[in-house]
Amino acid sequence: MSIKYKFPENFWWGSATSGPQSEGRFNKKHDSVFDHWFDIEPEAFFNGVGPNVASNFYNSHKEDLKLIKEIGLNSFRTSIQWTRLIKDFETGEVDEDGVRFYNEVIDECIENDLLPVMNLHHFDLPVELYDKYGGWESKHVVDLFVIFARKCFELFGDRVKHWTTFNEPMVIVEGEYLYQFHYPKIVDGRKAVQVMFNLNLASAKVIEAYKEMGFHKEGGQIGIVLNLTPAYPRSNNDEDTMASNIADSYFNTSFLEPAVKGNFPKILLDILEQDGVIWQATEKELEIIKNNTVDFLGVNYYQPRRVKAKESEFDESKGWMPDKYFDNYEMPGRRMNPYRGWEIYPQCMYDIAINLRDNYDNIPWYISENGMGVEGEEKYINEYGIIEDDYRIDFYKEHLEYLHKGISEGSNCFGYHTWTPIDCWSWSNAYKNRYGFIAVDLATQKKTIKKSGRWIKEVAQNNGF
Ligand code: BGP
């Protein structure tokens with residue numbers, strides 16, 4: 001087979017999941033905001049399916065990681081749940097079963113030649129910390145998160161050499177404080193802005209702790225996973241361009257700039273100051289953000305953001321919202337994934353690669369999630385019981401082609417992780433849309449490799465396709 005798209009040496013071919021979406025709640029001593037939301041409002045979840053069992057990774061990690069090896073991957077990201085590892089959030093006292101579980105997962109990754117990438121927060125704030133302190137609105141919670149992170153480094157840092165502080169912190173801001181898709185479903189633009197700052201601060205403080213503990217000397221690296229949804233204006237006129245720049249600063253560079261460069265985008269600061277909604281921050285905190293930038297970046301990419309100048313009436317009744325400055329734009333003729341309702345635009349992989357090369361010091365980065373959620377995949381099962389997910393293979397190929405173009409023009413990308421190795425629990429969408437290389441039968445927890453799982457194996461073996 002001739003290889004048209006060859007990737008750099010030692011490229012990460014992998015896939016990502018998270019603790020709350022794969023493990024199930026078995027033996028967990030605390031509830032996250034999602035556990036709690038499901039307990040009080042199960043009807044908010046597709047088919048009433050919650051996180052209780054998920055894909056049973058707590059019990060089947062041994063077999064699951066073997067299957068992941070079997071499809072040829074060389075790296076794997078999951079997250080350590082704060083609510084599983086820690087018994088006492090204030091002191092950092094650990095839960096012994098949590099320690100045992102994550103030790104096993106890490107050791108099994110290594111045994112299966114899977115480089116473990118461990119993330120510290122994937123939307124799974126302990127609900128007690130919300131009830132007691134207002135969650136990420138509170139700087140005390142920021143400090144408790146650092147206690148948790150230090151524990152993780154202390155316990156697992158000898159074997160885990162790649163850490164990320166957060167997965168998609170912007171989604172916490174949007175889901176919990178603006179658009180009501182994460183518990184507690186608040187609409188409060190002012191709190192959202194404070195949470196945005198506190199999450200940036202938490203990430204920097206965790207990086208500071210990691211440095212202080214000396215892990216870099218042992219080859220350790222720490223980064224962050226951001227969902228970049230590059231904003232494209234409807235047209236090149238000044239109004240559309242300005243609207244798009246503002247949206248980009250709120251949704252993307254609000255985390256990208258501090259993570260990579262240690263400061264906040266001027267356009268965002270100007271607007272927040274002018275509107276009187278700027279966050280509370282001390283000089284010392286700004287210093288910590290300045291001095292503790294990431295070693296590498298993970299980029300989750302699913303869809304672009306399309307923006308036009310504000311045309312609709314801004315609804316003042318909700319108070320300050322970033323939507324004051326732009327409207328979302330539906331581009332005529334856009335390609336859609338109808339199940340998830342997200343636009344498919346693979347060219348964006350190239351644009352991200354070039355943006356990071358030119359505007360972010362060509363920082364080492366990887367695609368930490370990319371994928372296509374599809375409903376009703378059982379209709380593609382062939383006579384041998386295998387899901388023939390050619391649409392997924394095509395989706396990955398197209399995205400990889402544009403990524404390859406970015407790399408061949410000098411962008412410093414070292415890997416490609418898909419979402420997700422084994423079908424997992426998609427928050428309030430539960431198991432509606434499936435993303436995996438490996439299917440899960442929810443009734444039996446039987447796991448079966450899909451056609452895309454065989455395909456990625458070849459790609460990983462050939463380091464290209
Ligand atoms: C990302 C999250 C993942 C995952 C994925 C797919 O935003 O990091 O946790 O869920 O999106 O999205 P969804 O599950 O909502 O379809």
Side-chain angles (χ1 to χ4, degrees), residues 16-39 50-52 54 57-58 61 77-106 116-157 160 163-169 171-173 175-176 182-184 195 198-210 213 222 224-225 424-425 427:
T17 187
S18 75
Q21 294 176 275
S22 61
E23 291 170 13
R25 286 164 77 178
F26 308 100
N27 233 344
K28 212 153 66 83
K29 311 299 187 300
H30 296 281
D31 291 336
S32 72
V33 282
F34 269 95
D35 298 330
H36 175 71
W37 182 16
F38 177 69
D39 288 345
N52 295 359
F57 188 69
Y58 177 81
H61 49 92
R77 171 169 66 106
T78 188
S79 68
I80 296 177
Q81 295 198 71
W82 199 349
T83 52
R84 184 183 290 291
L85 188 76
I86 301 292
K87 186 142 102 191
D88 182 329
F89 299 122
E90 308 286 334
T91 63
E93 187 194 338
V94 293
D95 179 77
E96 285 310 326
D97 185 64
V99 176
R100 173 204 57 83
F101 172 69
Y102 290 114
N103 265 326
E104 286 182 18
V105 168
I106 291 162
V117 183
M118 282 293 180
N119 177 41
L120 296 172
H121 193 83
H122 204 122
F123 314 155
D124 55 341
L125 176 78
V127 72
E128 285 156 76
L129 299 186
Y130 180 74
D131 293 341
K132 225 166 154 183
Y133 303 113
W136 292 114
E137 295 160 40
S138 150
K139 290 189 184 162
H140 180 58
V141 170
V142 169
D143 291 332
L144 297 183
F145 184 62
V146 180
I147 294 178
F148 159 61
R150 278 183 178 273
K151 266 290 162 224
C152 292
F153 301 150
E154 205 178 288
L155 289 164
F156 314 119
V160 176
W163 294 93
T164 56
T165 57
F166 283 91
N167 176 79
E168 302 190 348
V171 170
I172 300 171
V173 178
E176 291 189 21
H182 284 192
Y183 182 86
V195 167
N198 290 356
L199 290 167
N200 273 298
L201 178 64
S203 181
K205 282 192 163 185
V206 167
I207 294 172
E208 185 183 44
Y210 190 72
M213 290 170 81
I222 186 158
I224 192 168
V225 169
C424 69
W425 186 71
W427 315 109

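Heavy-atom minimum distance, I86 versus G92: CD1-O, 3.8 Å. For C152 against L120, the heavy-atom pair with the smallest separation is SG-CD2, 3.7 Å. For E90 against I147, the heavy-atom pair with the smallest separation is O-CD1, 3.4 Å. Taking all atoms of both residues into account, the shortest heavy-atom contact from I224 to P169 is CD1-CG, 4.2 Å. Across V160 and W163, no two heavy atoms sit closer than the pair O-NE1, 3.2 Å.
Taking the salt bridge (charged side-chain N to carboxylate O under 4.0 Å, His left out) definition, one finds that K132 meets it with nothing, sequence neighbours left out. Under the side-chain contact (heavy atoms from CB on, under 4.5 Å) criterion, A202 pairs with W136, V142, F145, F166, sequence neighbours left out. Shown here are the side chain to side chain donor-acceptor pair (under 3.5 Å) partners of T78, two or more places apart in sequence or in another chain: there are none. Residues meeting the ring-ring contact (aromatic ring centres under 6.0 Å, His included) test with F34, sequence neighbours left out: W37, H182, W427. In this structure, D88 has no salt bridge (charged side-chain N to carboxylate O under 4.0 Å, His left out) partners at least two apart in sequence or on a different chain. Under the side chain to side chain donor-acceptor pair (under 3.5 Å) criterion, N119 pairs with T164, sequence neighbours left out. For R150, the salt bridge (charged side-chain N to carboxylate O under 4.0 Å, His left out) partners are E212, not counting sequence neighbours. Qualifying side chain to side chain donor-acceptor pair (under 3.5 Å) partners for K29, counting only residues two or more places apart in sequence or in other chains: D95. Under the rule for a salt bridge (charged side-chain N to carboxylate O under 4.0 Å, His left out), the partners of E137 that lie at least two apart in sequence or sit in another chain are K191. In this view, D97 and N27, Y58, R100 satisfy the side chain to side chain donor-acceptor pair (under 3.5 Å) rule, not counting sequence neighbours.
At a threshold of 4.5 Å between non-hydrogen side-chain atoms, the residues F57 and F101 count as touching. Within the 4.5 Å cutoff, side-chain heavy atoms of W82 are placed close to those of L144. Residues P51 and Q21 fail the side-chain proximity criterion, which asks for heavy atoms closer than 4.5 Å. At least one side-chain heavy atom of F153 sits under 4.5 Å from a side-chain heavy atom of I222. R25 has its side chain within reach of D35: a pair of non-hydrogen atoms, C-beta onward, lies under 4.5 Å apart. Using a 4.5 Å heavy-atom threshold, the side chains of S203 and I207 count as touching. When side chains are defined from C-beta on, S79 does not count as touching N167, because their heavy atoms never get closer than 4.5 Å.
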Go through the steps to decide whether F156 and L85 satisfy the test side chain to side chain contact (heavy atoms under 4.5 Å, CB included), and finish with yes or no.
CA-CA 12 Å; F156 314 119; L85 188 76; 3.9 Å; yes
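Shown are R84, K28, H61; of these, the side chain to side chain donor-acceptor pair (under 3.5 Å) with E23 is made only by R84.
A salt bridge links E154 with K151: the closest approach of a Lys/Arg side-chain nitrogen to an acidic carboxylate oxygen falls below 4.0 angstrom.
Distance CG/N198 to NZ/K205: 9.5 Å, rounded to 0.5 Å. Rounded to the nearest 0.5 angstrom, H36 NE2 and D31 CG are separated by 8.5 Å.
A ring-centre distance under 6.0 Å is not found for F148 and H121.
The backbone N or O of P20 sits nowhere less than 3.5 Å from a side-chain atom of W425 that would complete a donor-acceptor pair. Remark: the backbone N or O of Q81 is paired with a side-chain donor or acceptor of Y102 at under 3.5 angstrom.
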Acceptor/donor pairs from residues 123-130 side chains to any protein atom, 3.5 angstrom cut, sequence neighbours excluded:
residue	atom	partner	partner atom	Å
D124	OD1	H122	N	3.0
E128	OE2	H30	ND1	2.6

